[in-house]
Amino acid sequence: MTINLGYACINTTINCTSNKTFRLNSYSEERLKKTIEENLNCLDKIIEWNYKNEIKFFRIGSGLIPFASHEICKFNWQDFYKKEFKKIGNKIKKYKIRVSMHPDQFVVLNSPTESIVEKSITEIEYHCDVLDLLGMRSDGKITLHVGGMYGNKEEAIERFISNYNKLSKRIKERIIVENDDKMYTIGDCLYINERCGIPVVFDYFHHLCNPVKRINYEEIINTWKKKDGNPIFHYSDQLEGGRKGSHSHSINVKEFKKFEKEIKKYNVDLMLEVKDKELSVLKVKDV
DNA sequence: TCACGTCAAGCAGAT
DNA sequence: ATCTGCTTGACGTGA
């Protein structure tokens, strides 16, 4: 069994970012096109770099297409950049790299405010568009958190499930739910899975911040069907001297090895969430 | 070239 | 009441 290590959104070695953006104030179609082109070029470079460095798991940043889900954007970037996406997607497939995405904190499926749920769905659709245009199969996942509590966790969980059930098939095929560091534990996520079938991401660091008594890895892994690909886990260390829940600058090799030992009997794709990104992957890979 | 106030979006908890 | 953190700082103005 192997653990496939990955990193999120940014490569600190390459001198480019695939999350370049601009202010809403300075929005124009020209500006948008220019930025998208730079982002796609950089994504291509990151994929090449990952391949050369044998890193087979990468999270594509949500800023790839700025303002994609904002009403200001009337530009059909999906059609306009079809070829570019396909080219990058073919490379990803050829290199056997797994990609995922993770919308930011504004995506809240369980909000009691209808307009926030609607906007969240539009944003998830944008993430789906990116993965579809790249030609990713249903193992190309979009990670969500359960959302807010609104003073009533039970109701908030019910709202997540009922809103999940209303989603289109293409979104349901891609979204997965992750335990967070404050509110929803891995146990809550497993309960949600039982009710609606959404695969569960285990975030080890969040689990340490917001634990349940016993952890059963088999149970988490069983929420993933074959078409979902390898189960995805997330890993980080606590920032020494930082607030509880702050991610460390770099990975603690000794701590990581302890965790790796616990899970190495499974086939898991493990996303490292540390600030020095790919450097930590190289640090613990093959050690 | 660099410092620094601000940036589309939600929410909870700390201050 | 305001600020901070979240998967990730970067933009853009003014000196």
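Note on naming: letters A, B, ... go to the chains in the order of the sequence lines (proteins, then strands), and numbering restarts at 1 for each one.
Aromatic stacking is not marked for A:F106 over B:dG10, as the cut-offs of 5.5 Å for the centres and 30° for the planes do not both hold.
Side-chain proximity of A:E123 to B:dA12, C:dC11, B:dA9: nearest is B:dA9. The side chain of A:H70 sits closest to B:dA8 out of B:dG13, C:dC11, B:dA8. With C:dT8, B:dA9, C:dT7 as the candidates, the nucleotide lying closest to the side chain of A:S69 is B:dA9. Candidate nucleotides C:dG9, C:dC11, B:dC11 were compared by shortest atom distance to the side chain of A:K20, and C:dC11 ranks first. Residue A:H206 places its side chain closer to C:dT7 than to any other of C:dT7, B:dG10, B:dT6. Of the candidates B:dG5, C:dT8, B:dA12, the closest approach to any side-chain atom of A:M149 belongs to B:dA12. The side chain of A:L24 lies closest to B:dA8 when the candidates are B:dC11, C:dT8, B:dA8.
Between A:F202 and A:Y217, the two ring planes are perpendicular [angle over 60°; tilted spans 30° to 60°].
Within the nucleic acid shown, A:H145 comes within 4.0 Å of sugar-phosphate atoms alone, with no base atom in reach, counting heavy atoms only. Within 4.0 Å of A:D180, counting heavy atoms only, lies no atom of the nucleic acid at all. Base contact: A:Q105 has a heavy atom under 4.0 Å from a base atom. Among the protein residues, A:G61 comes within range of no part of the nucleic acid, since none of its heavy atoms lies under 4.0 Å from any strand. Residue A:F67 is classed as a base contact, given a heavy-atom separation below 4.0 Å to a base. Among the protein residues, A:M271 comes within range of no part of the nucleic acid, since none of its heavy atoms lies under 4.0 Å from any strand. Counting any heavy atom pair closer than 4.0 Å across all strands shown, A:S26 reaches sugar-phosphate atoms only and no base atom.
In terms of heavy-atom proximity, A:F58 sits nearest to A:I10 at CE1-N, 4.3 Å. Across every non-hydrogen atom of A:L109 and A:I121, the tightest pair is CD2-CG1, 4.0 Å. Residues A:D203 and A:E273 share a closest heavy-atom pair of OD2-OE1, 3.3 Å. Nearest heavy atom pair, residue A:I220 against residue A:F233, reads CG2-CE1, 4.0 Å. Between A:F57 and A:I97, the shortest heavy-atom contact is N-CG2, 4.2 Å. The shortest non-hydrogen separation linking A:E125 to A:I171 is CG-CD1, 3.7 Å.
Taking atom C1' on both nucleotides, C:dT8 is separated from C:dT4 by 16 Å, rounded to a whole Å. When the P atom is compared between C:dC6 and B:dC2, the two are found 28 Å apart, to the nearest whole Å. Taking atom C1' in both B:dA8 and C:dA1, one finds a spacing of 23 Å when rounded to whole Å. To the nearest whole angstrom, the two P atoms, one in C:dG9 and one in B:dC11, are 25 Å apart. Rounded to a whole angstrom, the distance from the P atom of C:dC3 to that of B:dA9 is 16 Å.
Nucleotide C:dA10 holds its P atom 14 Å from the CD atom of A:E38, rounded to whole Å. Taking atom CZ of A:F205 as the reference point, atom C1' of C:dG5 lies 12 Å away to the nearest angstrom. Atom C1' of nucleotide C:dT7 and atom CD1 of A:I176 are separated by 12 Å, given to the nearest angstrom. A:E278 places its CD atom 13 Å from the C1' atom of C:dT8, with the value rounded to the nearest Å. When the P atom of C:dC6 is taken as reference, atom CZ of A:R59 falls 13 Å away, rounded to whole Å. Atom pair A:M101:CE and C:dC6:P shows a separation of 20 Å (rounding to whole Å applied). One interatomic measurement links the two molecules: NZ of A:K182 to C1' of B:dG13, which rounds to 7 Å at whole-angstrom precision. Across the protein-nucleic acid pair, A:N19 atom CG and C:dG9 atom C1' stand 10 Å apart, rounded to whole Å.
Taking a 4.0 Å limit (strictly below) on heavy-atom distances, residues 134-144 of chain A does not reach DNA chain B anywhere.
With values rounded to the nearest 0.5 angstrom, A:T12 atom OG1 is found 8.5 Å from A:Y7 atom OH.
Counting atom types as modelled, A:R23 pairs a side-chain N or O with a base atom of B:dT6 as donor and acceptor under 3.5 Å.
Contact check for A:M271 versus A:S100: side-chain heavy atoms found under the 4.5 Å cut-off.
Applying the under-4.5 Å side-chain rule to Ile, Leu, Val, Met, Phe, Trp and Tyr, the cluster around A:I116 extends to A:V108, A:Y150.
Contact check on A:K227 versus A:D139 returns no salt bridge, with no Lys/Arg side-chain nitrogen under 4.0 Å from an Asp/Glu carboxylate oxygen.
Considering A:M136, A:H127, A:M101 as possible partners of A:I60, the one that fulfils the side chain to side chain contact (heavy atoms under 4.5 Å, CB included) test is A:M101.
Between C:dT8 and A:K275, a contact under 4.0 Å exists linking OP1 or OP2 to a side-chain N or O.
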Report the secondary structure of DNA chain B in dot-bracket form, marking unpaired bases with a dot and bases paired to a different strand with |, and treating Watson-Crick or G-U pairs with both distances under 3.5 Å as paired.
|||||||..||||||

